[in-house]
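Just so we're clear, the structure is a prediction, and the values are computed from it rather than from any experiment.
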2 protein chains.
Amino acid sequence: MRRDIFQAIADPTRRAIIALIALQPMTPNAIAENFHTTRQAVSKHLRMLTECDLVKQEYQGREIYYSLEIEKMKEIDQWLDQYRKIWESRFNQLDQVLSTLKKQKK
Amino acid sequence: MRRDIFQAIADPTRRAIIALIALQPMTPNAIAENFHTTRQAVSKHLRMLTECDLVKQEYQGREIYYSLEIEKMKEIDQWLDQYRKIWESRFNQLDQVLSTLKKQKK
DNA sequence: TATATTTGCAACCGATTAGTTTCTTAATTA
DNA sequence: TAATTAAGAAACTAATCGGTTGCAAATATA
């Protein structure tokens, strides 16, 4: 089974779960109330998110609180970095063109 | 068929294609040479990437040059923004704790 | 004009996915 | 202690995915 962060965020329900538990830790039941699926389906998503370290569990009696492992999200940011460099350099090129045009006007 | 940018970057081959054509426009044949799959499989990936506007085509005779639509990559960056806020605020909180400790030492 | 090259599309195949229902385990509460 | 509640695991299903082979269309070249 492929189990990386890019696979994890590919599913819209999982992205919604991530957004929910980013705000505060939640139990599977509480999370499932926000979706039109069964608790078991949410549980499977949580399992996958846990397996790729995007989410951590905290046991409290028979309840389990899930919360976002924000550090893991940085991996996406790091991957994006190579492309950020590209769009920033393009922006700078545009900036140069604009300032050259400005100088010519003067 | 689901066809959004998060689905598009979920596959490792597609991420590799994106990285390749970010550097310079390439034809499907040239791209396929870099992978252990058929040209047709690459073609299917390119079709999907094109359908969600991550890639643009430029026709040149019977050849088609594919290149990255860097603007589209910003969408991931924008989605990440909500989480970037979280990890930056946590960092600031840590920063505050550290500076408080420093003051107490003095 | 005949042949070769570049490409996309359709049909098919096995594996994976996202969901369901059913069941078990463990903790709480009446 | 018995009933209830929270959660995960297993088995199943329909749909999708990533890949293949075979084909057709369009362009380039001999």
Side-chain angles (χ1 to χ4, degrees), chain A residues 1-21 24-69 72 76 79, chain B residues 1-21 24-69 72 76 79:
Chain A
M1 255 183 229
R2 240 187 305 129
R3 215 106 281 201
D4 65 46
I5 194 171
F6 294 102
Q7 191 66 22
I9 63 166
D11 183 78
T13 303
R14 275 196 298 271
R15 286 201 301 280
I17 291 176
I18 290 171
L20 263 179
I21 62 176
Q24 76 281 321
M26 288 174 83
T27 64
N29 264 325
I31 296 169
E33 277 171 21
N34 294 275
F35 302 99
H36 299 291
T37 59
T38 58
R39 177 189 57 77
Q40 282 89 337
V42 169
S43 200
K44 275 177 80 174
H45 283 307
L46 286 170
R47 187 184 164 188
M48 188 190 164
L49 292 171
T50 307
E51 276 176 13
C52 64
D53 299 319
L54 248 173
V55 148
K56 60 172 180 277
Q57 305 166 307
E58 202 175 312
Y59 291 81
Q60 212 160 97
R62 69 182 161 186
E63 291 180 326
I64 304 177
Y65 283 84
Y66 285 87
S67 59
L68 182 63
E69 197 73 82
K72 192 71 179 179
I76 304 167
W79 175 77
Chain B
M1 255 183 228
R2 241 184 305 125
R3 213 114 277 204
D4 64 47
I5 194 172
F6 294 101
Q7 191 68 22
I9 63 167
D11 183 77
T13 303
R14 272 193 303 267
R15 286 201 300 280
I17 291 176
I18 290 172
L20 264 180
I21 62 174
Q24 75 282 321
M26 290 174 81
T27 64
N29 264 326
I31 296 169
E33 277 171 21
N34 294 276
F35 302 99
H36 299 291
T37 58
T38 58
R39 178 191 56 78
Q40 283 90 334
V42 169
S43 201
K44 275 177 81 171
H45 284 308
L46 286 171
R47 187 183 163 188
M48 189 190 164
L49 292 171
T50 307
E51 278 176 11
C52 64
D53 299 318
L54 248 173
V55 148
K56 60 171 179 276
Q57 305 167 305
E58 202 175 312
Y59 292 82
Q60 212 160 98
R62 70 182 160 186
E63 291 181 327
I64 304 176
Y65 283 84
Y66 286 86
S67 59
L68 183 62
E69 196 72 83
K72 192 71 178 179
I76 304 167
W79 175 77

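- Sequence order on DNA chain C of the closest nucleotides to A:His45 and A:Glu63 puts A:His45 first from the 5' end.
- Candidate nucleotides D:dA7, D:dA9, D:dT20 were compared by shortest atom distance to the side chain of A:Gln40, and D:dA9 ranks first.
- Rounded to an integer number of Å, the gap from CG of B:Leu46 to P of C:dG8 is 7 Å.
- Judged by distance alone, with hydrogens and angles left aside, the side-chain atoms of A:Thr50 form a donor-acceptor pair with the main-chain N or O of A:Leu46 at under 3.5 Å.
- Picking from C:dT5, D:dC23, D:dA9 the nucleotide with the shortest atom distance to the side chain of B:Arg62 gives C:dT5.
- Rounded to whole Å, atom P of D:dG8 lies 12 Å from atom CD of A:Glu51.
- Taken residue by residue, residues 28-38 of chain A places heavy atoms nearer than 4.0 Å to DNA chain C at A:Thr37, A:Thr38.
- A:Arg39 comes within contact range of at least one nucleobase, with a heavy-atom separation under 4.0 Å.
- Closest to the B:Tyr66 side chain, of the nucleotides C:dG8, C:dG19, D:dA7, is C:dG8.
- Nearest to the side-chain atoms of A:Lys44 among the listed nucleotides C:dA18, D:dA9, D:dC17 stands C:dA18.
- For the atom pair CD1 of B:Ile31 and OG1 of B:Thr13, the computed distance is 12.5 Å after rounding to the nearest 0.5 Å.
- D:dG19 atom P lies 12 Å from atom CE of B:Met48, rounded to whole Å.
- Atoms CG and CG, on A:Leu49 and A:Asp11 in that order, are 9.0 Å from each other to the nearest 0.5 Å.
- If you measure from atom CD of B:Gln60 to atom C1' of C:dT6, you get 13 Å, rounded to the nearest angstrom.
- For the pair B:Phe6 CZ and D:dT16 P, the interatomic distance rounds to 21 Å; values are reported in whole Å.
- Here A:Arg14 reaches the OP1 or OP2 of C:dA18: one of its side-chain N or O atoms lies under 4.0 Å away.
- Listed pair A:Ser43 / D:dG8 meets the phosphate criterion, a side-chain N or O lying under 4.0 Å from OP1 or OP2.
- A close approach under 4.0 Å does occur between a side-chain nitrogen or oxygen of B:Gln7 and OP1 or OP2 of D:dC17.
- For A:Thr13, the side-chain atoms get nearest to C:dG19 when compared with the rest of D:dG19, C:dG19, C:dG8.
- Side chain of B:Arg14 to main chain of B:Ala8: a donor-acceptor pair is present (N/O by atom type, distance under 3.5 Å, no hydrogens or angles).
- For B:Gln24, the CD atom is densely surrounded, since the number of other residues' heavy atoms within 6.0 Å is greater than 12.
- As rounded to whole Å, 10 Å separates atom C1' of C:dG19 from atom CG of A:Asp11.
- The interatomic distance linking A:Ile17 (CD1) with C:dG19 (C1') rounds to 13 Å, in whole Å.
- If you take CD on B:Glu33 and CE on B:Met26, they are separated by 7.5 Å, rounding to the nearest 0.5 Å.
- Note that the CD1 atom of A:Ile64 and the OG1 atom of A:Thr27 stand 9.5 Å from one another [nearest 0.5 Å].
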